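Take a look at the structure below.
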Amino acid sequence: MNIVLTGFMGTGKTLVGRLLAEKTGFEFMDTDALIESKTGMNISKIFENFGEEYFRKLETDVIKEVARLDRKVISTGGGVVLKKENMDALRSNGRIINLKARPETIYSRLKDKTDRPLLKKENVLDEIRRLMDLRKPYYENCDFAIDTDELPASKIVELILKTAEAMERRTTLL
Ligand code: S3P
């Protein structure tokens, strides 16, 4: 069984994923990092040179590869939830945990970063709100969700571990 982290950009999937991997002994994998190492290009360059659609294809290839593995903590890019085939693959051997945050929180976490091609817009906060609204039903496709606005990564990890244990107990009882 894998632990899969989904959520909008800037919800802390990578930081939480790394900590979670340390605590569980599972290996940490980040789909964006895998795409970058496969192509030898960073995400911004892939968007710039080949466009979003091509990036999404690479993303689905990587998702299908990691979903077949076991005992991994998989941190996903914010748009992974948009394709049913991605989510079906991840769910086949994974618990899906969605990390949430308010648009204002995302904005303050990302405002000085330049590595999110989808947020290269005049009004970044408006774009965060727009995308988040559009994606809300997709992020709801998860086993449980955590509001990260007020929580340090260590607390989020604790919550995930508690809930995951409860879920495993429930499935073995059934
Ligand atoms: C994206 C999120 C990014 C990255 C790409 C597209 C999205 O990952 O995959 O820029 O569509 O939300 P993070 O969620 O890790 O920032």
Side-chain angles (χ1 to χ4, degrees), residues 2-21 26-67 72-91 94 96-142 145-149 151 153 156-157 160:
N2 297 315
I3 305 178
V4 179
L5 300 177
T6 62
F8 201 81
M9 294 168 259
T11 47
K13 292 163 293 185
T14 304
L15 177 63
V16 168
R18 281 192 189 286
L19 257 178
L20 196 57
F26 285 19
E27 188 186 351
F28 175 73
M29 308 202 110
D30 178 304
T31 59
D32 281 343
L34 289 170
I35 293 168
E36 290 183 334
S37 72
K38 271 190 153 195
T39 57
M41 259 183 290
N42 65 37
I43 304 293
S44 295
K45 267 273 161 283
I46 300 172
F47 268 72
E48 206 178 294
N49 293 347
F50 303 103
E52 181 174 351
E53 207 177 311
Y54 182 71
F55 169 78
R56 296 297 174 203
K57 283 205 184 81
L58 296 173
E59 187 169 62
T60 295
D61 291 345
V62 162
I63 290 287
K64 288 189 175 161
E65 279 170 32
V66 295
K72 309 290 175 202
V73 172
I74 304 169
S75 165
T76 63
V80 156
V81 293
L82 300 171
K83 273 200 205 167
K84 185 171 181 301
E85 61 180 317
N86 292 346
M87 296 309 284
D88 287 348
L90 290 168
R91 196 174 271 288
I96 319 265
I97 295 144
N98 179 243
L99 301 186
K100 300 203 296 182
R102 288 188 294 269
E104 295 75 12
T105 308
I106 303 281
Y107 177 72
S108 73
R109 289 177 186 166
L110 297 183
K111 65 180 182 329
D112 299 322
K113 305 232 158 131
T114 55
D115 58 353
R116 301 310 202 285
L118 292 180
L119 299 182
K120 285 194 175 128
K121 293 280 152 80
E122 193 131 322
N123 191 325
V124 176
L125 182 56
D126 276 356
E127 186 59 12
I128 292 171
R129 288 202 178 103
R130 192 187 72 80
L131 277 177
M132 211 186 259
D133 241 35
L134 217 75
R135 292 177 174 187
K136 196 166 175 280
Y138 296 93
Y139 289 130
E140 281 164 6
N141 178 8
C142 64
I146 300 176
D147 283 316
T148 68
D149 296 278
L151 295 178
I156 299 169
V157 168
I160 294 174

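Here the structure is a predicted model, which means the values were calculated and not measured. Indexing begins at 1, ligand by ligand and atom by atom, following the structure's order. Computed over heavy atoms, backbone and side chain alike; hydrogens, waters and symmetry mates excluded.
With Arg116, Arg56, Glu52 as candidates, the residue nearest to atom 6 (C) of ligand 1 on a non-hydrogen basis is Arg56.
Using a cutoff of 4.0 Å between basic side-chain nitrogens and carboxylate oxygens, Glu104 and Arg129 are scored as salt-bridged. We find that Arg116 and Glu127 are not joined by a salt bridge, their nearest charged nitrogen and carboxylate oxygen being 4.0 Å or further apart.
Here is the list of ligand 1 atoms found below 4.0 Å of a heavy atom in Ile43: 5 (C), 10 (O). The contact set between ligand 1 and Gly77, taken as ligand atoms under 4.0 Å from a residue heavy atom, comprises 8 (O), 9 (O), 14 (O). Taking every heavy atom of Asp32 and a limit of under 4.0 angstrom, the matching atoms of ligand 1 come to 3 (C), 4 (C), 8 (O), 9 (O), 13 (P), 15 (O). Interface of Lys13 with ligand 1, defined as ligand atoms under 4.0 Å from a residue heavy atom, comprises 13 (P), 14 (O), 15 (O).
For Leu118, every heavy-atom contact with ligand 1 shorter than 4.0 Å involves the side chain, none the backbone.
The shortest N or O to N or O distance between Pro117 and ligand 1 is not under 3.5 Å. In terms of polar-atom proximity, defined here as any N/O pair under 3.5 Å, Asp115 makes no such contact with ligand 1. At under 3.5 Å, not a single nitrogen or oxygen of Thr76, backbone or side chain, sits near a nitrogen or oxygen of ligand 1.
No option in Ile63, Val62, Asp32 other than Ile63 meets the side chain to side chain contact (heavy atoms under 4.5 Å, CB included) test with Val80. Screening Leu151, Ile156, Thr148, Val73 for a side chain to side chain contact (heavy atoms under 4.5 Å, CB included) with Val16, the sole residue that qualifies is Ile156.
Checking side-chain atoms of Asn42 against main-chain N and O of Ser44 turns up a donor-acceptor pair under 3.5 Å. Formation of a donor-acceptor pair under 3.5 Å by the Ser75 side chain with backbone atoms of Leu5 is not found in this model.
Shown here are the ring-ring contact (aromatic ring centres under 6.0 Å, His included) partners of Phe55, two or more places apart in sequence or in another chain: Phe47.
The closest approach between any non-hydrogen atom of Arg135 and ligand 1 is below 4.0 Å.
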